[in-house]
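Let me begin by presenting the structure, written as structure tokens, before commenting on it.
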Amino acid sequence: MVDAITPQDSPVPVITIDGPSGSGKGTVARLVAEALEFKLLDSGALYRAVALASLNTRVAVDDTAGLARLALTAPIDFTTDNGTGNVAVLLGGQDVSTQLRAEEVGDRASRIATHAAVRDALLDRQRRWRQPPGLVADGRDMGTVVFPQAVLKIFLTASAEIRAERRYKQLIEKGLSANIGSLLADIQERDDRDYNRKIAPLKAADDAVNLDSSSESVSQMVTKVLDLARNRL
Ligand code: DC
């Protein structure tokens, strides 16, 4: 018997970039997608949007059924500004891109992401991004669970200390106050949850290329990923 062809088997190429919070995967993914003129899926933004929807509608962090319903039905859209190329996330038609970056939302996203029902509900939403001419998807389980047939899988890491320093600089540049010790503790707590959860934990796929961004610039990382991608496409 011939198996039915699913979107997963279609020839549209996917490049996955997984890694912990602050490893630079979002920036690298965006620049690689731009260079290849591929679509871009920021799966963390989807988890964050569900987290924000749960805060807005007061669905508790342990209400599995309520959270799964939100993951299936919350009116989340992504729009791209054709002038700047910036992607905005809309929730119920409202641009919530800035709100999604708040620590509170990231922390809640990491908590709701531990529910298998929420992850299942988001699978289809994520796979629908696989469209011609290709997709770059970044997150935690893009290469292991969502797009296991990706042509190139990258696992991008950086030490927790370097990631805390980067976050500190970003906040100071925005004129916000920040404490490096508590940023490091937050990152370690989030890592612990992302790496050690039972369902789809953060880990490199067996066939992933491991890259460490601790002492490399964004452009060096992008060049490396593009070289690998061009070899495989
Ligand atoms: O990449 P990010 O920091 O925006 O993601 C926020 C949280 O969402 C992260 O701590 C864990 C969760 N997440 C996930 O579990 N799986 C993904 N593919 C992406 C994000």
Side-chain angles (χ1 to χ4, degrees), residues 14-30 32-33 39-55 61 64 67-68 70-71 74 76 78 86-89 91 96-130 135-148 150 153-158 160 162-164 166-167 170-171 183-205 208 213 221:
V14 180
I15 296 170
T16 59
I17 306 185
D18 288 306
S21 195
S23 59
K25 63 187 177 341
T27 310
V28 172
R30 181 169 52 77
V32 168
K39 311 232 171 279
L40 173 68
L41 167 63
D42 169 3
S43 61
L46 257 186
Y47 281 90
R48 285 171 185 263
V50 176
L52 181 62
S54 76
L55 285 167
V61 81
T64 308
L67 291 171
L70 274 183
I76 302 164
F78 291 76
N86 287 338
V87 177
V89 186
L91 181 61
V96 292
S97 315
T98 308
Q99 267 173 284
L100 293 191
R101 302 325 307 168
E103 294 299 322
E104 184 196 6
V105 178
D107 183 72
R108 195 174 176 96
S110 156
R111 289 172 196 277
I112 67 165
T114 60
H115 295 275
V118 171
R119 307 200 70 85
D120 283 352
L122 289 180
L123 263 185
D124 240 25
R125 270 194 151 162
Q126 296 175 93
R127 288 184 177 152
R128 273 187 253 130
W129 284 80
R130 187 180 191 174
L135 173 68
V136 179
D138 84 73
R140 304 291 188 287
D141 61 342
M142 297 296 101
T144 49
V145 176
V146 183
F147 300 110
K153 300 177 185 179
I154 303 289
F155 195 75
L156 188 59
T157 50
I162 294 275
R163 289 183 282 132
R166 287 179 186 158
R167 184 77 186 127
Q170 279 171 354
L171 292 170
L183 286 173
L184 179 59
D186 285 352
I187 282 183
Q188 286 167 333
E189 192 188 321
R190 178 103 66 91
D191 278 1
D192 184 47
R193 214 161 32 230
D194 291 351
Y195 276 107
N196 297 318
R197 67 176 174 231
K198 290 203 179 71
I199 319 287
L202 171 60
K203 68 166 185 186
S213 74
M221 302 307 301

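One-based numbering, in listed order, for ligands and for the atoms of each. Throughout, residue positions are numbered sequentially from 1 according to the sequence presented.
In this structure a side-chain-to-backbone donor-acceptor pair under 3.5 Å is missing from Asp194 to Leu202.
Close approach to Ala113 involves these atoms of ligand 1, each under 4.0 Å from a residue heavy atom: 12 (C), 15 (O). Each of the atoms 2 (P), 3 (O), 4 (O), 6 (C) of ligand 1 lies under 4.0 Å from some heavy atom of Arg48. Close approach to Lys25 involves these atoms of ligand 1, each under 4.0 Å from a residue heavy atom: 1 (O). Interface atoms of ligand 1 facing Met142, defined by a heavy-atom separation under 4.0 Å, are 18 (N). Shown in contact with Arg190 at under 4.0 Å from a heavy atom are these atoms of ligand 1, numbered in order with element: 3 (O), 10 (O).
The protein atom (non-hydrogen) at minimum distance from atom 16 (N) of ligand 1 is Arg119 NH2, 3.0 Å. When only non-hydrogen protein atoms are considered, atom 19 (C) of ligand 1 lies nearest to Ser43 OG, 3.4 Å. The nearest protein atom to atom 8 (O) of ligand 1, hydrogens excluded, is given as Tyr47 CB, 3.5 Å; this is a heavy-atom distance. At the shortest separation from atom 7 (C) of ligand 1 among protein heavy atoms lies Ala109 CB, 3.7 Å.
In plain terms, the two heavy atoms of Leu52 and Gln99 that are nearest each other are CD1-NE2, 3.8 Å.
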Worksheet entry | Trace of the side chain to side chain contact (heavy atoms under 4.5 Å, CB included) decision for Arg101 with Arg48 | CA-CA 8 Å; Arg101 302 325 307 168; Arg48 285 171 185 263; 3.6 Å; yes
Practice prompt. Go through Arg163 and Asp191 one step at a time and tell me if the side chain to side chain contact (heavy atoms under 4.5 Å, CB included) criterion holds.
Written response: CA-CA 11 Å; Arg163 289 183 282 132; Asp191 278 1; 2.6 Å; yes
Practice prompt. Go through the steps for Arg119 and Asp141 under the test side chain to side chain contact (heavy atoms under 4.5 Å, CB included), then give the verdict.
Written response: CA-CA 10 Å; Arg119 307 200 70 85; Asp141 61 342; 2.9 Å; yes
Discussion item. Using the rule given for side chain to side chain contact (heavy atoms under 4.5 Å, CB included), can you reason through Trp129 versus Asp42, listing the C-alpha separation, both sets of side-chain angles and the distance that settles it, and then say yes or no?
Written reply: CA-CA 10 Å; Trp129 284 80; Asp42 169 3; over 6 Å; no
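Annotation: side chain of Glu103 is not in contact with side chain of Asp107 (no heavy-atom distance under 4.5 Å). Counting only heavy atoms from C-beta outward, the side chains of Arg166 and Ser213 approach each other to under 4.5 Å.
Ser110 and Arg193 form a side-chain donor-acceptor contact under 3.5 Å, judged by distance and modelled atom types alone.
Atom 10 (O) of ligand 1 has its nearest heavy-atom neighbour, among Asp107, Asp194, Thr16, in Asp194.
An N or O contact shorter than 3.5 Å links Arg140 to ligand 1 by distance.
With a 4.0 Å cut-off on non-hydrogen atoms, Ser21 touches ligand 1 through its side chain and not its backbone. At a 4.0 Å heavy-atom cut-off, ligand 1 does not touch Arg193 at all.
Using a 4.0 Å cutoff on heavy atoms, Arg197 counts as a contact of ligand 1.
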